[in-house]
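Take a look at the structure set out below.
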Amino acid sequence: MDYLKIKGGQKLSGSISISGSKNAALPLIALSILSKKMVEILNLPDVVDIKTLIKLLSNLGANVDFKDPHSCFIDTNFINSTKATYDIVRKMRASILVLGPLLARFGHCEVSLPGGCAIGARPIDLHLSALEKMGADIKIKDGYVIASAKNGLVGANISFDKITVTGTENIIMAAALAKGKTTIINAAKEPEVVILCEILSKFGVKIEGIGTDELVIFGRDKELLEIDKIYVIPDRIEAGTYLCAGAITNSKITITKCEPKHLKAVIAKLEDMGFSFEIKGDKITILPAKQIKPIEIVTTEYPGFPTDMQAQFMAICCIASGVSVIDERLFENRFMHVSELLRMGADIKLNGHIATINGKNLEGTDVMATDLRASSALVLAALVANEVTKVHRIYHLDRGYENLEGKLSNLGAKIERLKEND
Ligand code: EPZ
């Protein structure tokens, strides 16, 4: 196992480019199941979660050929199994994204229940009840979802009790091959959902309401799509994380190959903390604050402040000049980074889903990553902590950040990746 050794106190400078979005690439890889043509996917991030989903598709029989770490060809005409097994699904909850497409194309599939994850129970009841409304027969047996729709799926009116990004994506893909019209009320509006809809539209699926919380999908009654090339959008959470690296070190840095319009809520909060920005095309430059001001944050669905940026902002709040309050509204256990930040001397009090943070200096020490975004928060804190911090169990980071230590080194951070017995 590896760990990151970080010497704090270093100002950053220069620019780094943002990789393709993990959370956009995952549904787009699943989408290849609906294509009768081989699909070329470009601008993939070189991260573990992508490799995990590709391995799942390969295990089903799909042919996957990587031209380079960031682009591959997927031919799903060779799929000869529709059973997504526990050994893969347990590694990544988003594997559930193959459920809708497999059921829509083959009329049956078995997908292991994902189980919870560090940040919460994360059930899939909304995915399953929606597919039942579309005519699927759903059973849970031995830890697997066993789904069948012998006569194909039928369009239905779906109203989600809670906004779920992967739930929306699963049903959009199922609806694309269903017979008739599907309406999704309370649909997620994240950019990752929008690009999925735009690509489906481009390749022959009529969809109304793209970008809104009410989608109408006109199914093709099992007629497969002819998808040839897909380009993955930039990763807004990776981009936000590097803006936070500039913020916490109060440095001027530039991120390139990003999509500023996906970062409005994040940029607004950083402006409230005293930072300013130069934004031009796909480039964002963050400029230092005279004083890093405390902030109040409530996480919510897009376009509001993203829960996936909560931990990173908490790291900045740990050194802000005053008391900040963070209210985590989406996940019941997304404060796993708090105990590790406390080890660094942070002053954080938790009351249910509300964290109160009093800014002060941080001390370098050994800390342990617990989930993807919590890990990035610990790296950010280490950039400003006194002395050296070692962040252990960074396999969590590798799931969603491409070459994080390389990109931070390019910005001037004193960071190195070592083996645990080094
Ligand atoms: C997506 O997860 C993202 N993952 C998450 O990013 C992100 O944190 C989340 O959306 C919220 O923005 C991907 O896109 C691959 P959910 P998603 O589990 O859609 C409840 C990261 O760091 N819910 O649907 O799977 C659930 O309990 C990851 O990159 C149900 O109750 O999120 C939660 O409260 C972490 N029943 C809320 O909805 C269901 O059937 C959203 O959670 C489904 C969800």
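It should be emphasised that the depicted structure is a prediction, and the values quoted were computed from it without experimental measurement. When a ligand or atom number is given, it counts from 1 through the structure's own listing order. The first residue of the sequence shown is numbered 1, and numbering continues consecutively from there.
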Which of the ligand 1 atoms, numbered from 1, are nearer than 4.0 Å to a heavy atom of Arg373: 21 (C), 22 (O), 29 (O)

In ligand 1, which numbered atoms sit nearer than 4.0 Å to a non-hydrogen atom of Asp125? 30 (C), 31 (O), 36 (N), 39 (C), 40 (O)

When you compare the side chains of Asp327 and His353, does any donor N or O come within less than 3.5 Å of an acceptor on the partner? yes

Using a 4.0 Å heavy-atom cut-off, which part of Glu301 comes near ligand 1: side chain, backbone, both, or neither? neither

If you measure from each heavy atom of Gly400 to ligand 1, is any distance below 4.0 Å? no

Test Thr183 against Glu214 for side-chain hydrogen bond (donor to acceptor under 3.5 Å, both in side chains), laying out the working first. CA-CA 7 Å; Thr183 301; Glu214 182 169 343; 5.7 Å; no

Thr76 and Arg105 side chains, donor-acceptor separation under 3.5 Å: yes

Run the side-chain hydrogen bond (donor to acceptor under 3.5 Å, both in side chains) test against Gln10 and tell me which residues pass, sequence neighbours left out. none

By number and element, which atoms of ligand 1 are closer than 4.0 Å to a non-hydrogen atom of Leu330? 11 (C), 33 (C), 34 (O)

Is the contact between Thr307 and ligand 1 made by the side chain, the backbone, both, or neither, using heavy atoms and a 4.0 Å cut-off? side chain

Mark the output for Ile163 as yes if a heavy-atom distance to ligand 1 is under 4.0 Å, and as no if none is. yes

Atom of Arg220, atom of Phe203 and distance for their closest heavy-atom approach: NH1-O, 3.9 Å

Check Arg334 against ligand 1 and report side chain, backbone, both or neither, counting heavy atoms closer than 4.0 Å. side chain

Where does Asp308 meet ligand 1, judged by heavy-atom distances below 4.0 Å: at the side chain, the backbone, both, or neither? side chain

Give every residue pair that meets the salt bridge (charged side-chain N to carboxylate O under 4.0 Å, His left out) criterion with at least one member in residues 24-45, sequence neighbours excluded. Lys36-Glu226, Glu40-Lys67, Glu40-Lys229

Is a donor from one side chain sitting under 3.5 angstrom from an acceptor on the other, for Ser71 and Asp68? yes

For a quick check under 3.5 Å, do Asn63 and Asp75 share a side-chain donor-acceptor pair by atom type? no

Candidate list Thr285, Leu263, Ile267, Ile286, test side-chain contact (heavy atoms from CB on, under 4.5 Å), partner Ile279, passing option: Ile267

Record the part of Phe331 in heavy-atom contact with ligand 1 below 4.0 Å; permitted values are side chain, backbone, both and neither. side chain

Which ligand 1 atoms does Lys22 reach within 4.0 Å, using its non-hydrogen atoms? 21 (C), 29 (O)

Determine whether the side chain, the backbone, both or neither of Glu192 has a heavy atom under 4.0 Å from any heavy atom of ligand 1. neither

Ligand 1 and Gly167, any nitrogen or oxygen pair closer than 3.5 angstrom? no

Ala94 to ligand 1: N or O pair under 3.5 Å? no

Using side-chain heavy atoms (C-beta onward) and a distance below 4.5 Å, is Arg373 in contact with Arg334? yes

Please determine if Val165 has a nitrogen or oxygen closer than 3.5 Å to a nitrogen or oxygen of ligand 1. yes

Is ligand 1 less than 4.0 angstrom away from at least one heavy atom of Glu169? no

Where do Lys283 and Ser15 land on the side-chain hydrogen bond (donor to acceptor under 3.5 Å, both in side chains) test, with the steps shown first? CA-CA 9 Å; Lys283 292 178 181 56; Ser15 76; over 6 Å; no

Lys162 contact mode with ligand 1 (heavy-atom cut-off under 4.0 Å): side chain

Which of the listed options, Ala311, Ala188, Pro123, Pro306, holds the heavy atom that is closest to atom 39 (C) of ligand 1? Pro123

Is the shortest side-chain N to carboxylate O distance from Lys22 to Asp308 below 4.0 Å? no

Does even one non-hydrogen atom of Glu332 get within less than 4.0 Å of ligand 1? no

